[in-house]
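Just so we're clear, the structure is a prediction, and the values are computed from it rather than from any experiment. Below, each value reflects all heavy atoms present in this structure, side chains not excepted, and no hydrogens, waters or symmetry copies.
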Amino acid sequence: MAITREDLRNVAIIAHVDHGKTTLVDEMLKQGGVYRENQETADRVMDSNDLERERGITILAKNTAIHYKDKKINIIDTPGHADFGGEVERILKMVNGVILLVDAAEGPMPQTRFVLQRALELNHKVIVVINKIDRPDARIGEVEEEVLELLIDLEATDEQLDSPVLYCSGRAGTASVSPYDAGTNLIPLFDAIVGHIPAPEGDPDAPLQLLVSSIDYNDYVGRIGIGRIDRGTIRVNSDVAVVNYHAPDKSNRARVQTISQFDGLRRSSVETATVGDIICFSGIEDITIGDTVTAPLSPEPLPFVAIGQPTMEMTFAVNDSPFAGTEGRYVTSRQLRARLYKELLKDVSLRVEDGETTECFKVAGRGEMHLSILIETMRREGYELSVSAPRVLYRDNSGVTEEPYEKVVVDVPEEYVGAVMEKLGARHGELVEMGLHGSRMRLEYSISSRCLFGYRSNFMTDTRGEGILNSIFDGYKPVKGNAGPVRYTGSLVASEAGEATSYGLYNAQDRGSLFIGVQTRVYEGMIVGENPKQGDIAVNVCKTKHLTAIRSTGADEALRLVTPIKMSLEEAIEFIAEDELIEVTPKNIRLRKAILNTENRLKAASKLKKAQEQ
């Protein structure tokens with residue numbers, strides 16, 4: 001017989017990147033009794049990954065739980081960046097409702113629309129939270145109307161349109177039902193969760209059904225499945241069947257060895273769990289996301305939410321530069337292949353294929369950020385590799401070639417609007433909407449992913465660092481023209497191997513901006529700077545001054561060198577051209593030409609030019 005778990009609520013917090021989800025969860029944990037009184041705590045405690053703390057973004061969905069009155073509230077903090085949408089899409093299957101967090105100044109942004117649409121499709125209840133109401137540029141009334149318009153636009157039901165609205169300051173840990181009252185604590189939010197989010201329902205005596213929505217790994221127990229029990233009860237050492245929705249005829253028998261539930265920031269071992277519980281379990285070696293754990297005698301799989309397909313691809317290859325193998329622990333193709341295929345087990349948005357040779361692999365993901373996080377993670381683990389420039393993935397739709405498009409929302413001060421419109425116009429961007437939001441202008445563009453490559457760093461330069469650019473996948477559209485990635489600059493390429501000298505760099509800096517400093521080891525074909533004009537220039541940065549017995553008038557003058565530009569991994573990915581690679585090691589990020597020898601590179605370029613002319 002079906003029961004309602006009134007003692008339990010499962011809720012996810014969804015929002016655009018940097019709208020304050022993780023900060024709000026911090027305060028919910030503090031006021032939910034997770035910490036002792038006066039216990040010292042870290043900011044953004046849910047961002048446990050080093051990369052997350054450095055970048056200030058959530059990459060992986062995190063589970064936690066608090067207790068309010070006599071009820072347990074399971075909370076899932078989700079990523080806000082569009083490239084990690086696969087994480088958001090699958091964890092929504094674990095909850096019965098969502099808290100939609102919206103910045104009181106910025107209002108609904110592209111990712112807000114994306115995750116809200118997924119929640120509405122699953123018929124989840126929604127609690128709207130206007131966050132950061134203490135911002136001096138907050139426009140609470142307007143943002144509330146924009147959220148309502150968004151709900152109408154996404155065809156929300158009458159019940160979803162009637163969602164409660166709360167006004168919060170995540171940093172201060174306050175919530176209120178009135179925009180004119182800041183509140184003193186988060187009790188109004190807890191009350192809204194308990195009162196508005198439905199309690200899980202199901203039959204604890206029916207055959208078991210549990211959909212695996214996330215995967216963790218532990219060196220002691222192996223792979224750990226995470227999911228919510230839809231039906232039935234699970235026990236330690238019980239026999240189960242594992243079946244997938246896409247292959248319902250195939251099922252594997254297994255035994256559950258351990259079960260644990262989330263309680264605050266830790267996991268508590270339990271002997272049994274029942275309907276509505278979000279649990280972690282171990283003992284099933286090849287468990288993966290999308291599998292359903294069922295009773296052995298009735299292997300009925302649950303449908304798994306369709307995950308968006310990758311839109312761009314990069315080639316990961318063994319590092320073959322002259323410095324190969326000197327800085328990394330894992331350098332062989334076997335190690336690289338094993339690491340990439342292991343990533344597939346927990347990242348459903350990623351796709352890995354063997355390349356044309358045994359030394360390279362095609363890795364497809366949801367965007368530049370998605371793949372750059374993978375590269376950075378591997379680099380920190382001790383891997384050494386080379387990666388190519390990103391390529392968009394085309395598709396054939398009834399004989400029409402289509403490419404991925406993105407919806408780009410630009411938020412800039414008025415004086416920079418002209419520069420932004422000029423650059424996006426040159427990249428074949430189509431202006432969809434333009435309006436004044438507070439003291440800033442907001443422009444909305446539709447532009448192909450191919451033409452957007454490499455623009456973000458230019459955007460920050462054009463807006464003096466004051467602009468905000470957000471983009472999200474907007475579907476496939478027919479290819480327009482042959483315009484590719486727009487790069488108006490070339491590279492300064494080292495013509496000799498050695499160590500960079502002051503004299504060599506001083507002469508080279510007249511040709512463009514440098515990426516390296518004095519005493520940097522270089523090899524032939526390594527990119528040492530940027531040429532402001534199109535085309536590459538070979539420079540000898542290892543050149544030393546010719547010594548003579550004759551004293552010149554400028555002999556004692558100091559050579560003044562401009563500070564070199566240090567590129568991040570994302571900036572390097574945006575910068576490189578199709579015939580260039582990024583050499584990634586635990587210690588360095590170097591840019592290089594695919595063909596290192598200057599003479600061979602010029603021959604290949606000449607041959608390509610002739611082929612294009614014919």
Any donor-acceptor pair under 3.5 Å linking the side chain of [X] with the backbone of [Y]?
X	Y	answer
Arg442	Asp411	no
Gln160	His124	yes
Glu466	Thr463	no
Asp291	Thr288	yes
Arg427	Cys451	yes
Ser176	Asp181	yes
His196	Ser163	no

Does the side chain of [Y] come within less than 4.5 Å of [X]'s, by heavy atoms?
X	Y	value
Lys93	Arg228	no
Val25	Lys30	no
Val408	Glu444	no
Leu189	Val129	yes
Met441	Met434	yes
Glu144	Val165	yes
Thr272	Ile259	no
Tyr383	Ile375	no

Can you tell whether the side chains of [X] and [Y] come within less than 4.0 Å, N to carboxylate O?
X	Y	answer
Lys132	Glu106	no
Glu313	Arg351	no
Asp263	Lys72	no
Asp277	Arg5	yes
Glu146	Arg139	yes

Which atom of [X] lies closest to which atom of [Y], heavy atoms considered:
X	Y	answer
Tyr405	Ser446	CD2-OG, 3.7 Å
Val212	Gly225	CG1-CA, 4.3 Å
Gly107	Val102	C-CG1, 3.4 Å
Phe459	Val410	CE1-CG1, 3.5 Å
Glu571	Met567	OE1-CA, 3.5 Å
Ile14	Ala119	CD1-CB, 4.3 Å

Next item on the list: Report the C-alpha distance between Glu27 and Leu29 in whole Å, list the side-chain angles of each, state the deciding distance to 0.1 Å, and finish with yes or no for side chain to side chain contact (heavy atoms under 4.5 Å, CB included).
Entry: CA-CA 5 Å; Glu27 288 299 322; Leu29 289 169; over 6 Å; no
How many angstroms lie between atom [atom1] of [X] and atom [atom2] of [Y], to the nearest 0.5 angstrom?
X	Y	atom1	atom2	value
Asp158	Leu161	CG	CG	6.0 Å
Leu210	Met94	CG	CE	10.0 Å
Ser169	Ile130	OG	CD1	13.5 Å
Tyr455	Thr461	OH	OG1	10.0 Å
Ile278	Ser260	CD1	OG	12.5 Å
Asp134	Asn131	CG	CG	8.0 Å

Check: Where do Glu406 and Ser449 land on the side chain to side chain donor-acceptor pair (under 3.5 Å) test, with the steps shown first?
Finding: CA-CA 6 Å; Glu406 296 189 39; Ser449 303; 3.0 Å; yes
Margin query: Apply side chain to side chain contact (heavy atoms under 4.5 Å, CB included) to residues Ile234 and Ile279 and explain how you reach the verdict.
Written below: CA-CA 10 Å; Ile234 191 169; Ile279 65 165; 3.8 Å; yes
Checklist line | ring-ring contact (aromatic ring centres under 6.0 Å, His included) partners of Phe190, counting only residues at least two apart | finding: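 If we apply the ring-ring contact (aromatic ring centres under 6.0 Å, His included) test to Phe190, skipping adjacent residues, the hits are Tyr68.
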Check whether the side chains of [X] and [Y] place a donor and an acceptor atom closer than 3.5 Å, and report yes or no.
X	Y	answer
Tyr445	Glu433	no
Glu570	Ser372	yes
Ser268	Gln261	no

Next item on the list: Under the side chain to side chain contact (heavy atoms under 4.5 Å, CB included) rule, what do Leu340 and Leu374 come out as? Steps first, then yes or no, please.
Entry: CA-CA 9 Å; Leu340 289 172; Leu374 171 60; 4.2 Å; yes
Margin query: Under the side chain to side chain contact (heavy atoms under 4.5 Å, CB included) test against Leu186, which residue among Leu24, Thr174, Leu166 passes?
Written below: Leu24
Next item on the list: For a side chain to side chain contact (heavy atoms under 4.5 Å, CB included) with Thr377, tell me which candidate from Glu381, Arg379, Arg380 qualifies.
Entry: Glu381
Check: Are the aromatic rings of Phe515 and Phe575 close, with centres under 6.0 Å apart?
Finding: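 Here the rings of Phe575 and Phe515 have centres that are less than 6.0 Å from each other.
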Check: Can you list the steps and then say if Val95 with Arg9 is a side chain to side chain contact (heavy atoms under 4.5 Å, CB included)?
Finding: CA-CA 8 Å; Val95 298; Arg9 298 292 186 276; over 6 Å; no
Checklist line | Candidate pair Asp103 and Arg135, rule salt bridge (Lys or Arg N to Asp or Glu O under 4.0 Å), full reasoning | finding: CA-CA 9 Å; Asp103 190 296; Arg135 280 184 63 162; 3.1 Å; yes
Next item on the list: Would you indicate whether Glu6, at its atom CD, is surrounded by more than 12 heavy atoms from other residues, nucleotides or ligands within a distance under 6.0 Å?
Entry: yes
Notebook entry, point to check: Taking atom CZ of Arg339 as the centre, does the number of heavy atoms from other residues, nucleotides or ligands within less than 6.0 Å exceed 12?
Noted result: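 Atom CZ in Arg339 is crowded, with more than 12 foreign heavy atoms closer than 6.0 Å.
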